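Here the structure is laid out as structure tokens; the discussion comes afterwards.
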Amino acid sequence: DALPISGGGAEVPARVTALGAEEMPSPQPAGFGGADSSALAPEGESVSPPPPPIDCEAIQRDRTRVDNNGGGCQIHNDSPAACDSSFFVRADAALSICTYRRVPVGASGWGCRAAATGCLVDDSGAAYRPEIEPPPPPAPPRPPPDAPEPPPPAARCLDVFGGLTSAQHLDPPRWCSDFGHDHQACVSHYVLVEQTRTRHLCLWDEHEAEQGDGCYRSDPIQCT
């Protein structure tokens, strides 16, 4: 059910915990860390700093623990003083304080309600505030990718073909395959393919020489 907050008409939904007790937002008691009050201060007026976080150990020292299996804070619905001096520990080890909600006569939503504190209780029963680990530092920027290596400069045509003979300039013109039985003649010639204007070396393959196919044309040679 929706339970209206004291002094106003807005309704705040009650939250039912796993143990059956209603846990509602409530006015925070003295010493309980809350929202920055500067957001509500008139412009130009100084404001006091926000209160420090609640002392988890002080809750256990100054308040009386109630059995959450017996109804939690609601067992003090008829006793504001007992409510405001109690606390209970939920099944998930979270420590909550009991706070009495005072509303106008005839309005609903009164009674003893639980308010979270941010404290936990360890296996020995001691209350503590868990440390919040700072976020990890941002990852360093990735270095720019390495620039690709430039291609090697093209060979000079004079260096490649300067000491060779063009097979097309023989009489009659020849092709590399015409030197299939002669290793020396093969590697001493190159061919120029007129259709593609590409030059090719004549290369020797010893394994094919017995069949008369020892000389073959290379891939096109790029040169300047």
Side-chain angles (χ1 to χ4, degrees), residues 12-13 15-19 23 25 33-40 43 49-50 52-54 56 89-96 116-124 126-224:
V12 178
R15 180 162 63 88
V16 180
T17 67
L19 300 173
E23 187 166 330
D36 187 354
S37 59
S38 62
L40 304 177
E43 185 177 356
I54 192 169
C56 299
V89 180
R90 302 188 326 197
D92 60 359
L95 187 152
S96 297
T117 63
C119 301
L120 297 176
V121 176
D122 62 21
D123 294 338
S124 68
Y128 68 98
R129 180 175 297 278
E131 295 183 1
I132 300 177
E133 296 184 1
R142 299 179 61 182
D146 295 335
E149 295 184 2
R156 295 175 64 238
C157 294
L158 182 61
D159 294 338
V160 178
F161 302 103
L164 303 178
T165 301
S166 172
Q168 273 73 49
H169 288 83
L170 298 178
D171 185 20
R174 304 284 183 89
W175 292 96
C176 292
S177 56
D178 294 328
F179 306 114
H181 294 284
D182 189 338
H183 172 265
Q184 187 59 40
C186 173
V187 298
S188 299
H189 290 82
Y190 71 93
V191 295
L192 174 64
V193 180
E194 292 291 343
Q195 294 86 344
T196 59
R197 301 301 300 173
T198 55
R199 292 183 175 88
H200 306 258
L201 294 171
C202 292
L203 301 178
W204 183 256
D205 185 345
E206 192 67 37
H207 297 289
E208 299 293 334
E210 295 181 1
Q211 306 298 325
D213 299 323
C215 195
Y216 66 96
R217 187 177 71 184
S218 72
D219 292 333
I221 302 298
Q222 302 294 331
C223 63
T224 58

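Being a predicted model, the structure only gives us computed values, none of them experimental. Basis for what follows: all heavy atoms, side chains included, without hydrogens, waters or symmetry-related copies.
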According to side-chain contact (heavy atoms from CB on, under 4.5 Å), who are the partners of [X], at least two apart in sequence or on a separate chain?
X: Asp146; value: none
X: Ala154; value: Thr224
X: Arg197; value: Leu192, Glu194

Residues that His169 engages under side-chain hydrogen bond (donor to acceptor under 3.5 Å, both in side chains), provided they are two or more places apart | Ser166
Of all residues at least two apart in sequence or in a different chain, which pass the side-chain hydrogen bond (donor to acceptor under 3.5 Å, both in side chains) check with Asp123?
-> none
What's the shortest heavy-atom distance between [X] and [Y], and which atoms?
X: Pro130; Y: Gly118; answer: CD-O, 3.3 Å
X: Ala116; Y: Ser96; answer: CA-OG, 4.0 Å
X: Thr198; Y: Thr196; answer: OG1-OG1, 2.7 Å
X: Tyr190; Y: Phe161; answer: CG-CD2, 3.5 Å

Could you measure the distance from the [atom1] atom of [X] to the [atom2] atom of [Y]? Nearest 0.5 Å is fine.
X: Ile221; Y: Leu201; atom1: CD1; atom2: CG; value: 4.5 Å
X: Trp204; Y: Asp182; atom1: CH2; atom2: CG; value: 7.0 Å
X: Arg90; Y: Asp92; atom1: CZ; atom2: CG; value: 4.0 Å

His200 side chain to Ser218 backbone, donor-acceptor under 3.5 Å = yes
Using 30° and 60° as the class limits, which term best fits the ring planes of His189 and Phe179: parallel, tilted or perpendicular?
-> parallel
Shorter than 2.5 angstrom, is that how the SG atoms of Cys186 and Cys202 come out?
-> no
For the Cys pair Cys223 and Cys157, is the SG-SG distance shorter than 2.5 Å?
-> yes
Scan residues 202-223 for pairs that pass salt bridge (charged side-chain N to carboxylate O under 4.0 Å, His left out), counting only residues two or more places apart or in two chains.
-> none
Give the C-alpha distance, both sets of side-chain angles, the deciding distance and a yes or no for side-chain contact (heavy atoms from CB on, under 4.5 Å) between Cys119 and Ile54.
-> CA-CA 9 Å; Cys119 301; Ile54 192 169; 4.1 Å; yes
